[in-house]
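All chains are named by letter (A, B, ...) in the order of the sequence lines, taking the proteins before the strands, and each is independently numbered beginning at 1.
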2 protein chains.
Amino acid sequence: MVTLHDVAKFSGTSVGTVSRVLNGSPHVSEVARLRVLRAIDELNFTPNRAAQSLRTSRTTLAGLIVPDITNSFFGALARALARELWAHDYGLILADTAESLEKQTEALDALGKRGVDGLFLVPTTSTRDIANPLNIPLVTLDRTLADLPGVTSDNRQGTSLAVSYLHGWGHRRIATIVGPTTCSTAAERLEGYATTTRALGIYSRSLIREGPFSYAFGKQAMEELLDEPTRPTAVIASNDSQAIGALHACAGRGLRVPQDISICGFDGSELASHLSPSLTSVKQPISTMATHGARLMLELIETGTAGSGAVLLTDLTIGESCSVPPSH
Amino acid sequence: MVTLHDVAKFSGTSVGTVSRVLNGSPHVSEVARLRVLRAIDELNFTPNRAAQSLRTSRTTLAGLIVPDITNSFFGALARALARELWAHDYGLILADTAESLEKQTEALDALGKRGVDGLFLVPTTSTRDIANPLNIPLVTLDRTLADLPGVTSDNRQGTSLAVSYLHGWGHRRIATIVGPTTCSTAAERLEGYATTTRALGIYSRSLIREGPFSYAFGKQAMEELLDEPTRPTAVIASNDSQAIGALHACAGRGLRVPQDISICGFDGSELASHLSPSLTSVKQPISTMATHGARLMLELIETGTAGSGAVLLTDLTIGESCSVPPSH
DNA sequence: GCCGCATTTGGAATCGTTTCCACGGGCCGT
DNA sequence: ACGGCCCGTGGAAACGATTCCAAATGCGGC
């Protein structure tokens, strides 16, 4: 392994000077800088991270804890985040909790002990009993947690958008299938739904179903809704899995989408656009989320001061699954 | 930060002894071991990874390079691998190449420079022009690459299984939509298809379409196949995205699946089982792949000797998308 | 009772970087 | 012309672990 010392010897300078060049210190003459750079190139020198870490107590490593990396939404988030961090010479260590709070705690602890410089967390639930292991910069993504800095979508605005869109088609009985409200995103989506339907005078408690973010629950909830005395003409789900479940529940009852009932998803996954009918869905700005998150984190690491986080506006991806309500 | 020194002082021993306890050296008296353990516990000591790395030149960090982490297949692989490695106290750094060979090379280089102890690679193409950066243990997953040790599914057996299954239903014109054959998995799947159809005497060159592992190509290829003078009665795709594309191409032509045509996927993603009709698909043993891969890697790191890799048998997940061919 | 061997222990060197301190030399102002 | 400054540089200490070497201890055999 070629070290700073070798570079110093080769370039006829000292380790101090080489290090200064490496770190872009201004206190180095142009001629020395060039000789050092040449030597670095010649010897194909790469600084030893372990030694740097030991000296500076920074690892240029961040951790990402997600509840389910097989979900393409989190996959896309991880990809964007990793790319952003690479660009700043940070590595990203992945941990998947499978929606288990216990595993989340373990991951937090393990990553903390490993000495990552910062931790991105998509919390399983929004209850604030997590221990910030070693006072490491912590940034939440997608789902918020207490007063931690984080980047999230404007979930209220998202469902509001969906409600307005459906209302615009003429729907009046708009139901919602919502995720577990222990999770901030689900709670906010429900809130946006409630606020907007109330404002439009079409709110009804009986049109709300709360449960897991899963295909199975989407299906079950949809079946319940279809059993209501006056069935809804449109449904807004809290993610695309639920929406697909709902879609299939309708298919199972012989209902056509969107002729008989309209369905709107949440996430805007690529998958959803490949269904038939393709899903109309509230689309979250995943890569912006990653970019902002990374920026926030780097700021937090470098300066120690918390930027305030961000709430990103969502968009509606128009598919074929929403249309006018059936005439009655 | 509490160090070895502090522990030594607290326990009335020396750094040497503490280190020996930490590393399970046998040359430590029972009484000393207990005092040290007690001190470690009391002071809540955690060894500093950077210092360990510097001294031992091992980072207990591995890298994973995948072509597309938003694909739930690779998501599942990453999750299983991460879990397995955590259990052995290794962290996993994620890199996503978005199927770009250039990004793959960059990632290989960056992870090498970062000093990971080993590298898991799902290569974008199987052409062997990648440079193993610093002679780091390299294990391929899913897709093979030259003579590198790796773990893969038995893709020939997989398609063979699918062909036999469809043949058993009575199908004789069985087509295949295959991934890019620069990729080993696609090449092998094609091979298994060709071998088995030939053995059954139903091979026909005109029933093969090769292209990207994408929804779009699946759809396009299916449309081409449907335009053939004598259309196939069954199709085997090379992954689930292609299969869904094929499904939609059929739907677009008013063909019912499986009454008019049978479709079989490859991967066995959860998504596929949620379609209607649910997809019959060749299922790969993802977590076994991760377990074997991790085992291989750890062996390679500890002993330097390459285990031979493994080829894992696949299974068929029966869905609703395959049935008897239409009577003619 | 003493010598020697085996077992445990303490302490120092080492890994490769960053950073601080001290020194030498050129330049400016008086 | 001389004193003070500032800039560039070399060298050494420090980060916190592992590991080697030598010393100390205890034990059995003669």
*Which parts of nucleotides 21-27 of chain D does protein reach within less than 4.0 Å, heavy atoms only, written one letter per nucleotide 5' to 3' as B for base, S for sugar-phosphate only and - for none?*
-------

_Within the 4.0 Å heavy-atom criterion, would you say A/A32 contacts the bases, only the backbone, or no part of the nucleic acid?_
sugar-phosphate

*asked:* Can you list, in residue-number order, the parts of residues 33-49 of chain B that come under 4.0 Å of DNA chain C, counting heavy atoms only?
replied: none

_Among A/T314, A/L313, A/D267, which residue satisfies the side chain to side chain contact (heavy atoms under 4.5 Å, CB included) criterion with A/S153?_
A/T314

*asked:* Taking salt bridge (Lys or Arg N to Asp or Glu O under 4.0 Å) as the definition, give me every residue that meets it alongside B/E106, ordered by chain and number, with sequence neighbours left out.
replied: none

*Would you jot down, in residue-number order, the residues of residues 3-19 of chain B having a non-hydrogen atom under 4.0 Å from DNA chain C?*
B/G12, B/T13, B/S14, B/V15, B/G16, B/T17

*What does the inter-axis angle of the helix from C/dG1-D/dC30 to C/dT30-D/dA1 come out as, five pairs per end, nearest 10 degrees?*
50°

*Got a sec, which residues hit salt bridge (Lys or Arg N to Asp or Glu O under 4.0 Å) with A/E99, two or more places apart in sequence or on another chain?*
A/R143

*asked:* Any carboxylate oxygen within less than 4.0 angstrom of a Lys/Arg side-chain nitrogen, looking at A/D68 and B/R79?
replied: yes

*side chain to side chain donor-acceptor pair (under 3.5 Å) pairs, two or more places apart, involving residues 286-297 of chain B*: none

*What parts of residues 21-30 of chain B reach DNA chain D, counting only heavy atoms under 4.0 Å away?*
B/N23

_Opening and closing nucleotides of DNA chain C in contact with chain A, under 4.0 Å to non-hydrogen atoms_ = C/dG16 to C/dC20

*Quick one: list whatever passes salt bridge (Lys or Arg N to Asp or Glu O under 4.0 Å) with B/D89, sequence neighbours left out.*
B/R49

_Strictly below 4.0 Å, N to O, side chains only: are A/R58 and A/E302 in salt-bridge contact?_
yes

*asked:* Tell me every residue that passes salt bridge (Lys or Arg N to Asp or Glu O under 4.0 Å) with A/E299, counting only those two or more places apart in sequence or in another chain.
replied: none

*B/T185: what forms a side chain to side chain donor-acceptor pair (under 3.5 Å) with it, not counting sequence neighbours?*
none

